[in-house]
K.L.:
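I have a structure I would like to understand better, so I am pasting it below and will then ask my questions one at a time.
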Amino acid sequence: MDLQIHGKRALISGSTAGIGYAIAQRLAAEGAAVCLNGRDPARLTAAVARLQAEFPGVTVSGIAADLGTAAGCAALTAALPEVDLLINNLGIFAPKAFLDIPDADWQRMFEVNVMSGVRLSRHYLPAMQAAGFGRIVFISSESALQTPSEMVHYGTSKTAQLAVARGIAEGCIGGGVTVNSVLPGPTRSEGVVSFFAEWAATQGISVADAEQAFFRSGRPSSLLRRFIEPAEVASLVAYLCSPLAAATHGAALRVDGGVVRSVA
């Protein structure tokens, strides 16, 4: 299927690995001009080189900036003034009991997970509206609907993303700009792999056993009963970026493996 985004300019925040990089791969495969982002210049350079090697002939660039700060967002938007496709993927998580989460952790979670998308969307939206076409996608989480007790601040930030995305969509009426959220379930990202490897080591079990234990006790409602692959999330995001998805607007779309017990 031709998603009709060849030549479209795409920015994916937090995209040197995991879901962000998988989205970059999928958009590059469709011929979009892709800009990667990360805080670490060395990791970013390596990711750009890897993507260029995978998709020769596709325009691939990268901007190193910490989008969890206002200054980092300003530096990125100055270097890349306009895009057609904005994927607000940047996010952090940190398992911690509610009583152990200080104000600073709450504030950092919101600066990274919520305000990065707010600041980037606020900058890029006017040009999209003037051009009559644009796509803004927030990568939220199933935790937005089922707040995890072990990461209340994370779940709350992901719920906030849904409100931000829907609110922006309410202001984009009758034009060619759509704003949507995607809610992945537990995904085999770099951070998740590292976390489970460390946790398995402390428990004296294999990583495979750690994963099985997680789905038995941590996410027992999962119908998939495995981690979602980043590419599976990327496929849905790529569709939302397409003109073919013009009627999908203001939506929160789940790619959660059935973790959320809801028919809507």
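Only heavy atoms go into these numbers, but all of them, side chains included; no hydrogens, no water, no symmetry mates.
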K.L.:
For the hydrophobic clusters of this structure (ILVMFWY residues joined by side-chain heavy atoms under 4.5 Å, transitively), does one cluster hold both Ile139 and Val34?
P.N.:
yes
K.L.:
Check whether any side-chain heavy atom of Phe227 sits under 4.5 Å from a side-chain heavy atom of Ser189, and report yes or no.
P.N.:
no
K.L.:
Are Thr187 and Glu229 side-chain neighbours, meaning at least one heavy-atom pair lies under 4.5 Å?
P.N.:
no
K.L.:
Start with the C-alpha distance between Ser181 and Leu183, add both sets of side-chain angles, then the distance that settles side chain to side chain contact (heavy atoms under 4.5 Å, CB included), and finish with yes or no.
P.N.:
CA-CA 7 Å; Ser181 298; Leu183 287 70; 4.2 Å; yes
K.L.:
side-chain hydrogen bond (donor to acceptor under 3.5 Å, both in side chains) with Ser116: which residues, sequence neighbours excluded?
P.N.:
none
K.L.:
Grab the two heavy atoms, one from Ser13 and one from Leu90, that are nearest each other, plus how far apart they are.
P.N.:
OG-N, 2.9 Å
K.L.:
Is there side-chain contact between Asp256 and Ser222, with at least one heavy-atom pair below 4.5 Å?
P.N.:
no
K.L.:
Hey, mind stepping through Gln107 and His153 against side chain to side chain contact (heavy atoms under 4.5 Å, CB included) and telling me if it holds?
P.N.:
CA-CA 9 Å; Gln107 289 162 355; His153 56 339; over 6 Å; no
K.L.:
Side-chain heavy atoms under 4.5 angstrom apart, residues restricted to Ile, Leu, Val, Met, Phe, Trp, Tyr: same cluster for Leu145 and Val152?
P.N.:
no
K.L.:
Do Arg50 and Phe55 form a cation-pi contact, if we require the NZ or CZ to be under 6.0 Å from the six-membered ring centre and within 45 degrees of the ring's axis?
P.N.:
no
K.L.:
How many angstroms lie between atom OG of Ser242 and atom CZ of Arg135, to the nearest 0.5 angstrom?
P.N.:
7.0 Å
K.L.:
Calculate, to the nearest 0.5 Å, the distance between atoms OH and CZ belonging to Tyr21 and Arg43 respectively.
P.N.:
12.0 Å
K.L.:
Looking at Arg254, Arg219, Arg261, Lys158, which hits salt bridge (Lys or Arg N to Asp or Glu O under 4.0 Å) with Glu142?
P.N.:
Arg219
K.L.:
Which side-chain N or O atoms in residues 58-69 pair as donor and acceptor under 3.5 Å with protein atoms at least two apart or in another chain?
P.N.:
unit_1: Asp66; atom_1: OD1; unit_2: Gly68; atom_2: N; d: 3.0
unit_1: Thr69; atom_1: OG1; unit_2: Asp66; atom_2: O; d: 2.9
unit_1: Thr69; atom_1: OG1; unit_2: Gly72; atom_2: N; d: 2.9

K.L.:
Do Leu162 and Phe138 come close enough that some side-chain heavy atom pair is under 4.5 Å?
P.N.:
no
K.L.:
Could you tell me which residues satisfy side-chain hydrogen bond (donor to acceptor under 3.5 Å, both in side chains) with Thr156, sequence neighbours excluded, listed by chain and number?
P.N.:
none
K.L.:
Does some side-chain heavy atom of Ile92 sit less than 4.5 Å from a side-chain heavy atom of Met109?
P.N.:
yes
K.L.:
Step by step, would you call Lys96 with Asp105 a salt bridge (Lys or Arg N to Asp or Glu O under 4.0 Å)?
P.N.:
CA-CA 10 Å; Lys96 188 175 289 190; Asp105 286 10; 2.6 Å; yes
K.L.:
Can you tell me if CZ on Arg39 sees more than 12 non-hydrogen neighbours from other groups inside 6.0 Å?
P.N.:
no
K.L.:
Do you know the tightest heavy-atom contact between Asn37 and Gly14?
P.N.:
OD1-N, 3.0 Å
K.L.:
For the hydrophobic clusters of this structure (ILVMFWY residues joined by side-chain heavy atoms under 4.5 Å, transitively), does one cluster hold both Val233 and Leu223?
P.N.:
no
K.L.:
Between Leu11 and Leu36, is there shared hydrophobic-cluster membership here, with clusters defined by ILVMFWY side-chain heavy atoms closer than 4.5 Å?
P.N.:
no
K.L.:
If I compare all heavy atoms of Pro243 with all of Phe133, which pair ends up nearest, and what's the gap?
P.N.:
CG-CE1, 4.1 Å
K.L.:
Please determine whether salt bridge (Lys or Arg N to Asp or Glu O under 4.0 Å) holds for the pair Arg188 and Glu211, giving the CA-CA distance in whole Å, both sets of side-chain angles, and the decisive distance to 0.1 Å.
P.N.:
CA-CA 10 Å; Arg188 199 182 303 279; Glu211 291 184 7; 2.9 Å; yes
K.L.:
Within the structure provided, determine whether Pro184 and Ile19 are in side-chain contact (heavy-atom separation under 4.5 Å).
P.N.:
yes
K.L.:
Are the side chains of Leu120 and Leu76 in touch, meaning some heavy atoms are under 4.5 Å apart?
P.N.:
yes
K.L.:
Which pair of heavy atoms, one from Asn180 and one from Ala251, lies closest together, and at what distance?
P.N.:
OD1-N, 2.9 Å
K.L.:
Are Val83 and Ile87 connected in a single hydrophobic cluster, I mean Ile/Leu/Val/Met/Phe/Trp/Tyr linked by side-chain heavy atoms less than 4.5 Å apart?
P.N.:
no
K.L.:
Any Lys/Arg nitrogen of Arg26 or Glu232 sitting under 4.0 Å from an Asp/Glu carboxylate oxygen of the other?
P.N.:
no
K.L.:
With a 4.5 Å cut-off on side-chain heavy atoms, are Leu125 and Ile168 touching?
P.N.:
yes
